[in-house]
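Structure record follows, encoded as structure tokens.
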Amino acid sequence: MSAQLTGFAYLASSVLFIMALKGLSSPETARQGNRYGIIGMVIAIGTTLADPSVVSFELIIAGLVIGGAAGTIIAKKIEMTALPQLVAAFHSLVGLAAVFVGIGAFYNPEAYGIGTFGAINTGSIIELSLGLAIGAITFSGSIIAFAKLQGLMSGNPITFKFQHMLNAIIAACIVMLVITLVGGQTEGVFWSLAILSFAIGFLIIVPIGGADMPVVVSMLNSYSGWAAAGIGFTLSNPALIITGALVGSSGAILSYIMCKGMNRSIVNVLLGGFGGDTAAAGGASADTGDKNAKAGAAADAAFLMQNASKVIIVPGYGMAVAQAQHALREMCDILKAEGVEVAYAIHPVAGRMPGHMNVLLAEGNVPYDEVFELEEINHEFATADVAYVIGANDTTNPVAKTDPSSPIAGMPILDVEKAGTVLFVKRSLSPGYAGVDNPLFYSDNTLMLYGDAKKMTEEIVQALG
Amino acid sequence: MSAQLTGFAYLASSVLFIMALKGLSSPETARQGNRYGIIGMVIAIGTTLADPSVVSFELIIAGLVIGGAAGTIIAKKIEMTALPQLVAAFHSLVGLAAVFVGIGAFYNPEAYGIGTFGAINTGSIIELSLGLAIGAITFSGSIIAFAKLQGLMSGNPITFKFQHMLNAIIAACIVMLVITLVGGQTEGVFWSLAILSFAIGFLIIVPIGGADMPVVVSMLNSYSGWAAAGIGFTLSNPALIITGALVGSSGAILSYIMCKGMNRSIVNVLLGGFGGDTAAAGGASADTGDKNAKAGAAADAAFLMQNASKVIIVPGYGMAVAQAQHALREMCDILKAEGVEVAYAIHPVAGRMPGHMNVLLAEGNVPYDEVFELEEINHEFATADVAYVIGANDTTNPVAKTDPSSPIAGMPILDVEKAGTVLFVKRSLSPGYAGVDNPLFYSDNTLMLYGDAKKMTEEIVQALG
Amino acid sequence: MNSAAIQEQSATLATNAAKLAEEVEKLAQDASQLIDVQTAAATMDFLSLFTIFVLACFVGFYVVWSVTPALHSPLMAVTNAISSVIIVGGLLAAGPADMDFSKVMGFCAVTLASVNIFGGFIVTQRMLGMFKKKK
Amino acid sequence: MNSAAIQEQSATLATNAAKLAEEVEKLAQDASQLIDVQTAAATMDFLSLFTIFVLACFVGFYVVWSVTPALHSPLMAVTNAISSVIIVGGLLAAGPADMDFSKVMGFCAVTLASVNIFGGFIVTQRMLGMFKKKK
Ligand SMILES: NC(=O)c1ccc[n+]([C@@H]2O[C@H](COP(=O)([O-])OP(=O)(O)OC[C@H]3O[C@@H](n4cnc5c(N)ncnc54)[C@H](OP(=O)(O)O)[C@@H]3O)[C@@H](O)[C@H]2O)c1
Ligand SMILES: NC(=O)c1ccc[n+]([C@@H]2O[C@H](COP(=O)([O-])OP(=O)(O)OC[C@H]3O[C@@H](n4cnc5c(N)ncnc54)[C@H](OP(=O)(O)O)[C@@H]3O)[C@@H](O)[C@H]2O)c1
């Protein structure tokens, strides 16, 4: 293939990647978009394989087959509730792949046309070592994020004395090692850089609480995008540059959206020590003080909703944990059959990753045109008879509007309290992810439905039937 | 300045141009955006002046001063109602400038590094002659558009026999001349190309009605953008390529929006013979048939609006012609002082160019947060007591929804008929731009206020005071 | 000068000439290789420009759709102004030292484009200046 | 060969040599000019890449903001998949004929990136397949 043709092929694959993201602007075009993305990837790989320097295909085919099979099996088997940890796990693989590419380039720079072993061009060695470092950080950071999300290690922030100082020292060492590498490219320095980068990725993430992991994953995603763009500069490959910029923007924007949805700054998230097991340890009953929360049974809820003309469903993290989406849709089907208007209200940070609730509801066969974003539906609570809050908590907490000293102050909130009756399905009065007590539990028009989200909803279905 | 620095400067100016358009996403950031645009232009000009081949500055300074002064005076003096013709006039200048650049490049290709006189590189001569042709078409087309909009020539479509065939022949000749020019670069061929291009620009536009001119101007704008991008390829200048793509997209999207707002295709507009002086000749009274339209006086309108709780103003082309925006705002101020809720509803193709009404209302000091787009406000007519339709007609015509054979069938419409009372301020029962009679005039809840939009509104102000 | 010396000298000269010829050949080869590289760079160049063009179209698409409809008139005016960046071409034509026809053309282009640049930006600024929020 | 003829011949040779030297000089000049041009092309190259990068950031900004919030999870999955275009680096490392450490690294990179590519696109397709409209 001529150089020019190669260039056009890479451009085509970049354009297809852009189209893949563009498709996601609506569920109708999204599937076509994903197909564009696949074609783009096939073109990128095919073009590289046609490169004259690529002459031996056994290992490549082996890698594609082994990796492809593993990826396919994982993707087909995975539960939708486990999406956050899946993304983290996949993410660590990209990081590790970047590390391997970095090592490969260090030992065989001729394959990339960036110099010879021990004498790589200055620009390239800088880009290469930065790529290695960011890849390693992405890898170890994502591994910790995965372990915390999967429950393999405690979600609690792990903090110790002089933590920030230790991190600063390691970071300084990394910078020095990169500079040293420019001077003389010894293997020792190179491997030290790799090891320290793995270490700092680990150390940066352990103090961050389990529930903050999605922000961290997204941020690491953004970093790895910029790193890919950097490698694109080394290889003079516009496809890598464009894709890197796309991924970089995506990660940065998603982190921003999550932080804004929680009304926290990214620095606040990264400094850690927030959002540990409080959410996970929801089973323990909280201090109810001397306020009184009315408890109700499934039959009460069924009666209330049957006689309502409009019910708004507010799903949250608890619905995901309980896998209640199918039961929920069944309940809504019965209500709709009885002439009740049903809509779903999704808070931007409901659940544990952006868009998490939407995917789960879609899995439960809820049509996406019944599902609304906060701004679209918030004014409708005033005209709703019942708000059915299932496993959500912080995202409905009016303290965010009333108490400026609260950790969730300023966070946008679903105005469920404006509905005629608020039904809270949760196992106890314990707070949600942010650890802030919810005064709505003790409100006059609130009825608590204690129990697992799925079981309770199934009971309501029976009571309705 | 080194080649690299030059490149970065051009990149900076392109980014500033992008920021200029980005700023227009909200009135708050728009002024800052315009400043970015100005800085970008200064950088682009400064960078070119620093080019080593530019050594004589007298003529350049003279051109900048003369042109700059003329431009400044025009821009400061122009009435906001004359915006459509101003854009057309400016537009013709860009076209002519492109023609001059083309001629300059033909006679002194060394200045552009594209070859020598009579022996310009093949790629460059093609790009150059296309640039010349498009520039010439833009020039003569825009001049006609200007003359029609300014009333210097009749807005009526000028059609004659074999018109399309003549155009086709000329177009074929242009293509052949370009091909000939690649073979041998003689002055005769070059000038024939220029003259035929001027001619076809003229011939394409004359059969198009005056009121369709904004679509045409916007389309020519788009063409000129793509032409600029082409010249950018010749000069290997990314700033021209990027700017060209921006302008090209802008023109194409605006034409698309206008066509969609009128529910017509661009081909339909270009084939012409539609939208002549019907709108301009509104003074003549139309055939009212045996239907009955109730006429009212200013006092009736004042009484109705004073006692309303919500009034929606629907401005149209007639308001622009009558320059009624100041009187209108005065009227609304009085109503607001009396506790009446007032809002403005703008149809996407109200007036004669996109955003025309918004600029006029802004000139009349109407705050922009009282002005709403069709989709934002259309459902509110049902809760409004009065719709005050001032100089609008087609954009309120329910025939678009009811009669599929009407020329405006399928055009989105402001649902003024859902308001308690509809007040129509216009001089007669004659139809608007599309020449379609409006059944709303004869509706029970309609009151016609015959007269000039400005005078009538002033009378209402007096009646209110 | 004896004939032997002369013969020797001419032989040396001949060898030198041969060496020179060799060198010339080598240089010519190098030069042609360089030309090859340069051509490769030039095709890459068209590719870059084309890539830039494609991306700029995407940017244009998004940036224009993000413009609020209320500001479509200023949009028309400001694109008018920035499309006059074609003045760059006029400046290059008007720039050389010698007065000729092409320079006059450059002057005309610069003048017309300036009308547009100043006029376009100022009228946009005027329009935008009128957009005010409720007090 | 008489001395005059030899002298003449040697004179011709000398002139020829001088001419050759001149030519060599000219060629050397041309070559160095070409190198200049080539260097200019190379800087233009970084510039093109940088321009592409800047524009791609704008495109990324707009295209990601235009993603509907309901599809943010598929967005994360699909960016994950496309960021594995880094496989290009792995392929280049695994491509050469000789087996060495670097080739093994390339193989590992290709394998990991493939997990991601297949896994990412398939899980995205699975998610998107679940989004259905009201019947
Ligand atoms: N979406 C994102 O991108 C993202 C990212 C990072 C952080 N966050 C944070 O996550 C939080 C999300 O808010 P949210 O309202 O969705 O959830 P939440 O505030 O974390 O509350 C979830 C509630 O679900 C209940 N629950 C747990 N398991 C349950 C089960 N099996 N059955 C029934 N209920 C169960 C818990 O109460 P019990 O223990 O009493 O049952 C808990 O109070 C926000 O604070 C947000 O800032 C979100
Ligand atoms: N905005 C754009 O971008 C654009 C572009 C191209 C075409 N168009 C077309 O333009 C039309 C715009 O619709 P529109 O509703 O704004 O206007 P319209 O349908 O053209 O009607 C304007 C009305 O204003 C009245 N009028 C004229 N001068 C007046 C004066 N001095 N005082 C009071 N009334 C006066 C006329 O009636 P009397 O003669 O009875 O007074 C006429 O019926 C649409 O058909 C659209 O397709 C718009």
Please look at [X] and chain D and tell me whether the side chain, the backbone, both or neither of the residue comes under 4.5 angstrom of a heavy atom of that chain.
| X | value |
| --- | --- |
| A:Asn221 | side chain |
| A:Ala228 | neither |
| A:Ile78 | both |
| A:Leu254 | side chain |
| A:Tyr10 | side chain |

Please report the closest heavy-atom contact between [X] and [Y], naming both atoms and the distance.
| X | Y | result |
| --- | --- | --- |
| D:Pro69 | A:Asn358 | O-OD1, 4.4 Å |
| A:Leu83 | D:Ser73 | CD1-CB, 4.3 Å |
| A:Leu64 | D:Ser114 | CD2-OG, 3.3 Å |
| D:Gly60 | A:Leu246 | CA-CD2, 3.7 Å |
| D:Met76 | A:Pro214 | CE-O, 4.4 Å |
| A:Val101 | D:Ala109 | CG2-CB, 3.8 Å |

To the closest 0.5 Å, what do you measure between [atom1] ([X]) and [atom2] ([Y])?
| X | Y | atom1 | atom2 | value |
| --- | --- | --- | --- | --- |
| D:Thr68 | A:Tyr368 | OG1 | OH | 10.0 Å |
| A:Arg35 | D:Leu128 | CZ | CG | 9.5 Å |
| D:Asn116 | A:Met41 | CG | CE | 8.5 Å |
| D:Phe131 | A:Ser26 | CZ | OG | 11.0 Å |
| A:Ile241 | D:Phe53 | CD1 | CZ | 8.0 Å |

Top of D:Ile87, D:Asp100, D:Leu75 for chain A proximity - count of heavy-atom pairs under 4.5 angstrom: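 Top count of heavy-atom pairs under 4.5 Å with chain A: D:Leu75.
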
Out of D:Ala97, D:Cys108, D:Cys57, D:Ala113, return the one with the most heavy atom pairs under 4.5 angstrom to chain A.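 Greatest number of close heavy-atom pairs with chain A: D:Cys108.
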
Are D:Phe46 and A:Phe233 near enough that their ring centres are under 6.0 Å apart?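 So the answer is yes for these two rings.
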
So, does A:Arg31 use its side chain to make a donor-acceptor pair with the main chain of D:Gln125 at under 3.5 Å?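 Not confirmed, A:Arg31 side chain does not pair with D:Gln125 backbone.
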
Contacting moiety of [X], where chain A heavy atoms sit under 4.5 Å:
| X | value |
| --- | --- |
| D:Val78 | side chain |
| D:Ile117 | side chain |
| D:Ile86 | both |

Ring pair (Phe, Tyr, Trp, His ring centres under 6.0 Å) involving D:Phe101 - partner list, sequence neighbours excluded: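 If we apply the ring pair (Phe, Tyr, Trp, His ring centres under 6.0 Å) test to D:Phe101, skipping adjacent residues, the hits are A:Tyr107.
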
Within the supplied structure, the quantity of interest is the number of heavy atoms (other residues, nucleotides, ligands) at a distance under 6.0 Å from A:Phe372 CZ; does it exceed 12?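 More than 12 within 6.0 Å, yes.
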
Side chain to side chain donor-acceptor pair (under 3.5 Å) involving A:Lys336 - partner list, sequence neighbours excluded: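 By the side chain to side chain donor-acceptor pair (under 3.5 Å) rule, A:Lys336 matches A:Glu370.
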
